[in-house]
Amino acid sequence: MTYQISFSGGLGSGVSALIAHEQGLDFNLIFADTRIEDDDLYRFNDDIASAVGQEIVHLTDGRTPWDVYIDKRWIGNTRTAHCSTELKTKPVMAWLAENAAPTDPLVLGMDMSEIDRIERAQRNWAPRPVVSLLNRFEVWRPDYDAILARHGIRKPRLYAMGYEHNNCGGFCCKAGLVQFERLYRTNPERFAWHEAEMERAIAEIGDTARPFLRQDTHGKTHYLTLREFREQLEAGTAELPMFDVSGCGCFTDEEEYA
């Protein structure tokens with residue numbers, strides 16, 4: 001049996017790979033690249049791969065999420081991230097179908113705090129088993145630093161910037177105003193690129209295109225483009241909610257496809 005690790009570039013999947021190595025398991029590292037990742041994600045993945053003596057199975061179909069939105073004629077949103085279906089789920093499923101036994105477990109870098117996502121993935125990926133090595137070996141988030149330290153590996157830089165995940169360079173169509181304010185503040189060049197890509201998608205899709213940022217004012221929900229949100233930030237008029245969506249519920253939730 002070979003464990004097929006969904007190697008996303010996040011702490012959970014990185015630590016899962018280190019645990020698999022320490023436990024002497026047979027495993028592969030499968031990385032589905034959205035082509036909008038932070039540069040330091042690739043450094044982190046390479047460090048993990050070097051520590052465990054594995055080559056990374058690098059999958060990409062050449063598109064970014066914005067290319068997917070244009071191809072599908074609608075922009076992803078807080079309910080459905082079809083970018084994840086196209087750029088992560090489909091490539092990984094196709095690779096597993098050709099290269100893995102049907103009984104090989106898919107490993108997700110999630111623990112008990114995300115048991116709902118694990119259970120959804122188990123339903124969506126059936127009959128292939130879906131497991132969490134973090135849960136199996138009782139590795140919790142406070143343990144991550146020590147595990148990385150004993151292999152001499154630095155955390156991805158996005159965590160130190162306040163992001164909850166290390167996927168898509170801090171972008172996510174499921175994220176809310178707080179995360180995009182952080183992206184504007186910590187990486188304005190990347191924000192500007194996504195702003196331009198949103199303008200391109202809206203122009204190419206046409207009147208049916210709807211941006212994903214939502215702002216509630218006096219009980220009414222308004223949808224904002226990234227350009228409109230940036231203009232609010234620059235004018236000092238943006239109102240950020242106290243609690244907001246952090247984004248990245250990807251890879252386990254695409255029930256429409258799976």
*Taking the side chain as C-beta and beyond, is there a heavy-atom pair between Trp95 and Ile30 under 4.5 Å?*
yes
*Any side-chain heavy-atom pair of Leu134 and Tyr144 under 4.5 Å*: yes
*Enumerate the residue pairs fulfilling side chain to side chain donor-acceptor pair (under 3.5 Å) with a member in residues 9-21, sequence neighbours excluded, ordered by first and then second residue.*
Ser8-Ser13
*asked:* Side-chain heavy atoms nearer than 4.5 Å, only ILVMFWY residues, links allowed to pass through others: does that put Val15 and Trp140 together?
replied: no
*Are any of the side-chain heavy atoms of Lys88 and Phe31 separated by less than 4.5 Å?*
no
*For the pair Asp47 and Ser50, evaluate side chain to side chain donor-acceptor pair (under 3.5 Å) and give the outcome as yes or no after the intermediate values.*
CA-CA 5 Å; Asp47 286 352; Ser50 177; over 6 Å; no
*So with a 6.0 Å cut-off around CE of Met161, is the heavy-atom count from everything else above 12?*
yes
*Path from Val130 to Met112 over hydrophobic side-chain contacts below 4.5 Å*: yes
*Min side-chain heavy-atom separation Val107-Ser132 under 4.5 Å*: no
*Decide yes or no on side-chain contact (heavy atoms from CB on, under 4.5 Å) for Leu148 and Leu18, but give the supporting numbers first.*
CA-CA 8 Å; Leu148 292 173; Leu18 295 174; 3.9 Å; yes
*Do you reckon Ile19 sits in the same ILVMFWY cluster as Met1, going by side-chain contacts under 4.5 Å, direct or chained?*
yes
_Checking one residue: Val68. Which other hydrophobic residues are in its cluster under the side-chain 4.5 Å linking rule?_
Leu87
*asked:* Any heavy-atom pair between the side chains of Trp193 and Glu189 that's under 4.5 Å?
replied: no
*Hey, are the side chains of Ile147 and Val139 touching, using non-hydrogen atoms and a 4.5 Å cut-off?*
yes
*Enter the distance from Thr225:OG1 to Glu199:CD here, rounded to the nearest 0.5 Å.*
5.5 Å
*Is Ile56 reachable from Val92 through a run of I, L, V, M, F, W or Y residues, each pair having side-chain heavy atoms under 4.5 Å apart?*
no
*asked:* Any side-chain to backbone donor/acceptor pair from His165 onto Asn167? Under 3.5 Å, distance only.
replied: yes
*salt bridge (charged side-chain N to carboxylate O under 4.0 Å, His left out) with Arg141: which residues, sequence neighbours excluded?*
Asp111, Glu114
*Hey, does the Lys NZ or Arg CZ of Arg154 hover above the aromatic six-ring of Phe44, less than 6.0 Å from the centre and inside 45° of the axis?*
no
*With sequence neighbours left out, what residues match Asp116 under salt bridge (charged side-chain N to carboxylate O under 4.0 Å, His left out)?*
Arg120
*Check ring-ring contact (aromatic ring centres under 6.0 Å, His included) between Tyr3 and all other residues, then give those that pass, not counting sequence neighbours.*
none
*Counting heavy atoms not belonging to Glu234, are there more than 12 under 6.0 Å from its CD?*
yes
*asked:* Strictly distance-based, threshold 3.5 Å: is any side-chain N or O of Arg136 a donor or acceptor partner for the main-chain N or O of Val131?
replied: no
*asked:* Let me confirm one number: the NE2-CG distance from His82 to Asn77, rounded to the nearest 0.5 Å.
replied: 8.0 Å
*In chain order, what residues pass the side-chain contact (heavy atoms from CB on, under 4.5 Å) check against Tyr159, with sequence neighbours excluded?*
Leu11, Pro156, Asn166
*Give a yes or no answer on whether the side chain of Gln54 reaches the backbone of Ala49 with a donor-acceptor pair at less than 3.5 Å.*
no
*To the nearest 0.5 angstrom, please state how far the CG atom of Leu25 sits from the CZ atom of Phe137.*
5.0 Å
*List the steps, then state whether side-chain contact (heavy atoms from CB on, under 4.5 Å) holds for Tyr69 with Ile202.*
CA-CA 9 Å; Tyr69 303 155; Ile202 290 172; over 6 Å; no
*Are Ile5 and Asn28 close enough that some pair of their side-chain heavy atoms sits under 4.5 Å apart?*
no
*asked:* Walk me through whether Leu177 and Leu213 qualify under side-chain contact (heavy atoms from CB on, under 4.5 Å).
replied: CA-CA 7 Å; Leu177 298 176; Leu213 282 182; 3.9 Å; yes
*salt bridge (Lys or Arg N to Asp or Glu O under 4.0 Å) assessment of Arg157 paired with Asp39*: CA-CA 9 Å; Arg157 67 175 185 166; Asp39 289 345; 5.6 Å; no
*Does some side-chain heavy atom of Gln232 sit less than 4.5 Å from a side-chain heavy atom of Phe229?*
yes
*Phe191: partners by ring-ring contact (aromatic ring centres under 6.0 Å, His included), with sequence neighbours left out*: Tyr184
*What is the minimum heavy-atom distance between Gln179 and Gly170, and which atoms define it?*
NE2-O, 2.8 Å
*asked:* Listing request: all salt bridge (Lys or Arg N to Asp or Glu O under 4.0 Å) pairs with a residue in residues 201-213, at least two apart in sequence or in separate chains.
replied: Arg200-Glu204
_Verdict with reasoning, His222 to Thr217, per side-chain contact (heavy atoms from CB on, under 4.5 Å)_ = CA-CA 8 Å; His222 304 277; Thr217 305; 4.0 Å; yes
*salt bridge (Lys or Arg N to Asp or Glu O under 4.0 Å): which pairs involve residues 21-35, sequence neighbours left out?*
Glu22-Arg150
_For a quick test of reading the model, state the closest non-hydrogen atom pair linking Ala209 to Ile75 and the distance between them._
CB-CD1, 4.4 Å
_Approximate separation, where rounding is to 0.5 Å, of His194 NE2 and Leu226 CG_ = 8.5 Å
*Given the rule that I, L, V, M, F, W and Y join up when any side-chain heavy atoms are under 4.5 Å apart, are Leu233 and Phe212 in one cluster?*
yes
_For the CD atom of Gln4 and the CG atom of Leu29, what is their distance to the nearest 0.5 Å?_
9.5 Å
*Which distance, rounded to the nearest 0.5 Å, do you find between the CG of Leu133 and the CE of Met110?*
13.0 Å
*Among residues two or more places apart or on two chains, list those pairs meeting salt bridge (Lys or Arg N to Asp or Glu O under 4.0 Å) that have a residue in residues 78-87.*
Arg63-Glu86, Lys72-Glu86, Glu86-Lys90
_Cationic N near anionic O, under 4.0 Å, Arg43 to Asp40_ = yes
*Has the side chain of Asp67 got a donor or acceptor atom that lies under 3.5 Å from a matching backbone atom of Thr64?*
yes
*Go through the steps for Phe7 and Phe27 under the test ring-ring contact (aromatic ring centres under 6.0 Å, His included), then give the verdict.*
CA-CA 11 Å; Phe7 193 52; Phe27 63 94; 9.1 Å; no
*Considering only NZ, NE, NH1 and NH2 on the basic side and carboxylate oxygens on the acidic side, decide whether Asp145 and Lys155 come within less than 4.0 Å.*
yes
*How would you list, by chain and number, every residue that makes a salt bridge (charged side-chain N to carboxylate O under 4.0 Å, His left out) with Asp104, sequence neighbours excluded?*
none
_Quick check: closest heavy atoms across Gly169 and Leu158, and the distance to 0.1 Å?_
C-CD1, 3.9 Å
*asked:* Once salt bridge (charged side-chain N to carboxylate O under 4.0 Å, His left out) is applied, do any residues pair with Glu231, and if so which ones, sequence neighbours excluded?
replied: Arg227
_Using 30° and 60° as the class boundaries, would you call the ring planes of Phe171 and Trp66 parallel, tilted or perpendicular?_
tilted
